[in-house]
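Just so it is clear: chains get the letters A, B, ... in the order the sequence lines come, proteins before strands, and each one is counted from 1.
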Amino acid sequence: MSAGKNTPDTGSENNINRPSNFIKNIIDEDIKNGKNDARVHTRFPPEPNGYLHIGHAKSICLNFGLAQDYDGLCNLRFDDTNPVKEEDEYVKSIIEDVKWLGFDWEDRLYFASDYFEHMYDFAVELIRKGKAYVDDLNAEEIREYRGTLTKPGKESPYRNRGVEENLDLFSRMRAGEFPDGSKVLRAKIDMSSSNMNMRDPVMYRILHASHHRTGDAWSIYPMYDWAHGLEDSLEGITHSICTLEFEDHRPLYDWFLENLDGVHRPQQIEFARLNLTYTLMSKRKLLRLVNEKYVSGWDDPRMPTLAGMRRRGIPPAAIRDFADRIGVAKADSIVDRAMLDSCIRDDLNKNAKRVMVVLDPVKVVITNYPEDQVEELTAENNPEKEDAGSRTIPFSREIYIEREDFLEDAPKKFFRMVPGREVRLKHAYYVTCTNVIKDTAGEIVEIHCEYDPATKGGWSDDGRKVKGTLHWVSVKHAADVEVRLYDHLFTKENPDESREEKDFTAFLNPESLVTLKNCKAEPGLRESEPGESFQFLRKGYFCSDSKDFSGENPVFNLIVGLRDSWQKIENK
RNA sequence: UGGGGCGUCGCCAAGUUGGCAAGGCACAGGAUUUUGGUUCCUGCAUUCGGAGGUUCGAGUCCUCCCGCCUCAGCCA
């Protein structure tokens, strides 16, 4: 895997590894024109106020991917300009998640808060140029003066204060002389602009709050619009990529940098954020799912958070592949979850070790098999991978098979176990059902079969054709395991678009988690590593739960099911 | 009703200067198969939100219309 480092061998001409998109077209053009000395330098700028989700992963893959494709650099920068919302706990989890995704920012880990002093100086520069002023209006008054979408705003009575007075007031704001909310520093632009962002936006607010990194050193904190462009400029960012809702902010982003002397001028480019069917991306709503206990936490395997997906067993390479496949554009969209599932299967098919686990067991007795005999049979670990080797699994007179793999009265298309019909037990023998034992309620309690000793290993050279192959587990060797079956968190493709103003929780899928306690696994599974993933033959991909798994209590999570064409036939 | 965006197959999405619609997912057939998995073939937009116009020729240029998203935090 080479996804970690910025690879040195891919210039702008030969980055055919990832599909084209409008951002690459812009970059290609910039390089052709020698802009920024043909450098490409991006950044991923999360605010440390929550956990990363797959929407962020799209942005991370985009920014780091661009750096890889153009032999450039990508910084990890925390946009920590609001001390009341941000916590160190989040910077730790974000760092862990970006690393897990497979990206490396080398020594370029930055914090907006490291630039506070520099930003202050820039603000003083604007004040000196008469382009910023201290306003005494309170929040509500500022809102009133701002006007509306269709009506222009009014200028603040404090707008034309002298430079010296502004300088004095601003330094006293910094010194902590004024209470929260009593004053702000605003840019002097245009109160009648049709772009609300240009109506004298606030640059600094007074906040007597302790910051996770600067502590109590500051009593004023910069606003996003003021801070972000400066951060980008200071780091030499060439292409500052953000989501669509910041499109309206671009004139302001440019205005600040235009009005400062001798600063580097990055270019802001906006793209559409990711939406995925059957889930949510809103931080606020995900927080509610956690707080109101609809899920077990931020790392619940059903959550679209990177922590959740990691625990679910989704390989980071699958997420990177997904990001490449969905592309980057400016049209609002909602990507089909099946696309992600396809990427996951693609990766796991190549890499996951095959094992046999019976989720819903029914006992089978092979009546012509010697009572106390046990054979160690050889099973390949992965037919897709030569060097995956093989393992040995015990076979004996009594085994478990999947309850749904047996039918007394079967349609012609049913290839599994049926009285009188020969089927193959994977890696073992051909067997034929001879009898069915039921309890008084008519429930099948035991199936009797006879095996053909000449078919050891599950093969016969006589040209006999066996349509069905079943997975099985020896009764006396079986490991009892718990299996957690996960499904979409919501029953609705877009739980966000609540028609009759229903709350999104109304669309929660009651079957998003089904726990199976009586599953029977081949014995080796007891020794798996927490977080290790497998293909449970004929069922799906599962991983041992990184939190709850232990040798005494093996717990496995469903990552994604196998494609099931029988299910499709059955549904017709 | 002000501004900024977007509208190409069910879902994503390519489409440099107009030259006659990539690819993936999904779906449907078929072949191979000790996983009804994988793999492999095959099919799947006479059409690009709509209507006009320019042109030998338009998804790409012009005009008008329609729809959707977004902006009035001292959040980011």
Side-chain angles (χ1 to χ4, degrees), chain A residues 19-22 25 28-29 45-47 49 79 81-82 84-86 135 137-139 142-143 146-153 180-186 193-199 201-207 220-221 223-225 227-228 242 244-251 270 272 277 283 324-343 345-346 349-350 354 356 379-380 383-384 413-416 424-428 430 455 457-460 466-471 493 535-540 561-570:
Chain A
S20 145
N21 61 53
F22 77 100
N25 294 344
D28 287 339
E29 194 63 23
E47 183 190 13
N49 72 340
D79 207 359
T81 56
N82 186 353
V84 309
K85 289 190 174 177
E86 294 147 7
D135 196 348
L137 256 30
N138 64 36
I142 285 181
R143 193 184 328 123
R146 188 154 32 224
T148 70
L149 295 178
T150 49
K151 285 194 288 276
D180 287 6
S182 59
K183 286 179 170 37
V184 291
L185 182 73
R186 301 177 73 177
S193 171
S194 52
N195 183 341
M196 301 294 282
N197 296 120
M198 301 300 268
R199 318 243 264 225
V202 172
M203 295 164 65
Y204 278 94
R205 74 283 216 186
I206 299 172
L207 243 34
I220 55 171
Y221 290 91
M223 297 289 291
Y224 169 85
D225 285 308
H228 206 85
C242 61
L244 249 29
E245 66 271 26
F246 291 101
E247 208 149 17
D248 297 344
H249 296 237
R250 193 169 62 227
E270 312 84 14
T277 55
K283 250 179 210 175
D324 288 343
R325 287 203 219 177
I326 59 175
V328 181
K330 294 189 71 161
D332 294 309
S333 62
I334 176 159
V335 177
D336 195 335
R337 164 74 202 211
M339 185 90 94
L340 211 211
D341 289 341
S342 168
C343 297
R345 288 194 194 99
D346 225 54
N349 174 52
K350 281 174 267 183
R354 271 62 170 171
M356 296 202 285
E380 63 183 346
E384 305 297 318
K413 293 261 195 138
F414 186 83
F415 302 153
R416 283 109 100 140
R424 169 167 41 237
L425 294 177
K426 180 81 175 175
H427 306 306
Y430 290 1
T455 58
W459 184 247
S460 166
V466 182
K467 277 293 231 179
T469 300
L470 309 186
H471 60 283
E493 279 202 3
Q535 184 196 106
F536 287 5
L537 226 62
R538 302 207 307 136
K539 283 293 169 190
L562 249 29
R563 236 181 231 103
D564 191 349
S565 53
W566 167 242
Q567 189 62 247
K568 283 178 192 166
I569 295 169
E570 227 184 0

When all nucleic acid strands are considered with a 4.0 Å heavy-atom cut-off, which category describes [X]: base, sugar-phosphate, or nothing?
{"X": "L137(A)", "answer": "base"}
{"X": "F246(A)", "answer": "base"}
{"X": "A329(A)", "answer": "sugar-phosphate"}
{"X": "L149(A)", "answer": "base"}
{"X": "V184(A)", "answer": "base"}
{"X": "H471(A)", "answer": "nothing"}
{"X": "H228(A)", "answer": "nothing"}
{"X": "Y430(A)", "answer": "nothing"}
{"X": "N25(A)", "answer": "sugar-phosphate"}
{"X": "P383(A)", "answer": "base"}
{"X": "V328(A)", "answer": "sugar-phosphate"}
{"X": "L207(A)", "answer": "nothing"}

Which whole number of Å gives the distance between the [atom1] atom of [N] and that of [M]?
{"N": "C6(B)", "M": "C41(B)", "atom1": "P", "value": "38 Å"}
{"N": "C69(B)", "M": "C64(B)", "atom1": "P", "value": "24 Å"}
{"N": "U54(B)", "M": "C62(B)", "atom1": "P", "value": "15 Å"}
{"N": "C44(B)", "M": "A22(B)", "atom1": "C1'", "value": "15 Å"}
{"N": "C27(B)", "M": "U16(B)", "atom1": "P", "value": "32 Å"}
{"N": "C12(B)", "M": "G3(B)", "atom1": "C1'", "value": "29 Å"}
{"N": "G7(B)", "M": "C48(B)", "atom1": "P", "value": "15 Å"}
{"N": "A21(B)", "M": "A45(B)", "atom1": "P", "value": "12 Å"}

### Message
If you go through the side-chain atoms of E380(A), does one of them form a donor-acceptor pair with the base of U34(B) closer than 3.5 Å?
### Response
no

### Base of G37(B) paired with side chain of E384(A) (donor-acceptor, under 3.5 Å)
yes

Given 3.5 Å as the limit, does a donor-acceptor pair link the side chain of [X] with the main chain of [Y], or not?
{"X": "T277(A)", "Y": "R337(A)", "value": "yes"}
{"X": "S193(A)", "Y": "M198(A)", "value": "no"}
{"X": "T148(A)", "Y": "T150(A)", "value": "yes"}
{"X": "N195(A)", "Y": "D248(A)", "value": "yes"}
{"X": "E86(A)", "Y": "N82(A)", "value": "yes"}

Any side-chain N or O of [X] under 4.0 Å from OP1/OP2 of [N]?
{"X": "S193(A)", "N": "G3(B)", "value": "no"}
{"X": "R205(A)", "N": "G73(B)", "value": "no"}
{"X": "R146(A)", "N": "G2(B)", "value": "no"}
{"X": "K568(A)", "N": "C27(B)", "value": "yes"}
{"X": "N82(A)", "N": "G73(B)", "value": "no"}

Nucleotide nearest [X] (side chain, heavy atoms from C-beta), chosen from [options]:
{"X": "Q535(A)", "options": "G2(B), U35(B), A72(B)", "value": "U35(B)"}
{"X": "I334(A)", "options": "C12(B), G37(B), U1(B)", "value": "C12(B)"}
{"X": "I326(A)", "options": "A14(B), U34(B), C12(B)", "value": "C12(B)"}

Spacing between [X] atom [atom1] and [N] atom [atom2], to the nearest angstrom:
{"X": "M339(A)", "N": "G10(B)", "atom1": "CE", "atom2": "P", "answer": "15 Å"}
{"X": "K85(A)", "N": "C75(B)", "atom1": "NZ", "atom2": "C1'", "answer": "4 Å"}
{"X": "R143(A)", "N": "A72(B)", "atom1": "CZ", "atom2": "P", "answer": "11 Å"}
{"X": "R563(A)", "N": "A26(B)", "atom1": "CZ", "atom2": "C1'", "answer": "9 Å"}
{"X": "R345(A)", "N": "U35(B)", "atom1": "CZ", "atom2": "P", "answer": "18 Å"}
{"X": "D346(A)", "N": "G23(B)", "atom1": "CG", "atom2": "P", "answer": "18 Å"}
{"X": "R354(A)", "N": "U35(B)", "atom1": "CZ", "atom2": "C1'", "answer": "8 Å"}
{"X": "E270(A)", "N": "A76(B)", "atom1": "CD", "atom2": "C1'", "answer": "15 Å"}

#### Entry: Nearest-0.5 Å distance, CG of residue D341(A) to CZ of residue R563(A)
9.5 Å

### Query
Quick one: CG on L425(A) to CE on M356(A), what's the gap to the nearest 0.5 Å?
8.0 Å

### Message
Is there a side-chain contact between R424(A) and W459(A) in this structure, where contact means two heavy atoms from C-beta onward sitting under 4.5 Å apart?
### Response
yes

### Task
Find out whether R538(A) and K426(A) are in side-chain contact, i.e. whether some heavy atom of one side chain is under 4.5 Å from a heavy atom of the other.
no

### Query
Which nucleotides of nucleotides 4-9 of chain B have their base under 4.0 Å from a protein heavy atom (B), which only their sugar-phosphate (S), and which neither (-), written as one string 5' to 3'?
SSS---

Strictly by Watson-Crick or wobble contacts shorter than 3.5 Å, is anything paired with [N], and which nucleotide is it?
{"N": "C27(B)", "result": "G43(B)"}
{"N": "U60(B)", "result": "none"}
{"N": "G67(B)", "result": "C6(B)"}
{"N": "G37(B)", "result": "none"}

### Task
Quick one: classify the glycosidic conformation of G50(B) as syn or anti, with syn meaning within 90° of 0.
anti

### Message
Let me spell it out: for each of T148(A) and P46(A), pick the nucleotide of RNA chain B with the closest heavy atom. Which residue's pick is nearer the 5' end?
### Response
T148(A)

### Query
If you find the nucleotide of RNA chain B closest to F22(A) and the one closest to R424(A), which residue's nucleotide is nearer the 5' end?
F22(A)

### Query
Taking D135(A) as the fixed residue, which of R186(A), R205(A), R146(A) is the one that meets the salt bridge (charged side-chain N to carboxylate O under 4.0 Å, His left out) rule?
R186(A)

### Task
Identify whether the distance between the nearest side-chain nitrogen and carboxylate oxygen of K85(A) and E47(A) falls below 4.0 Å.
no

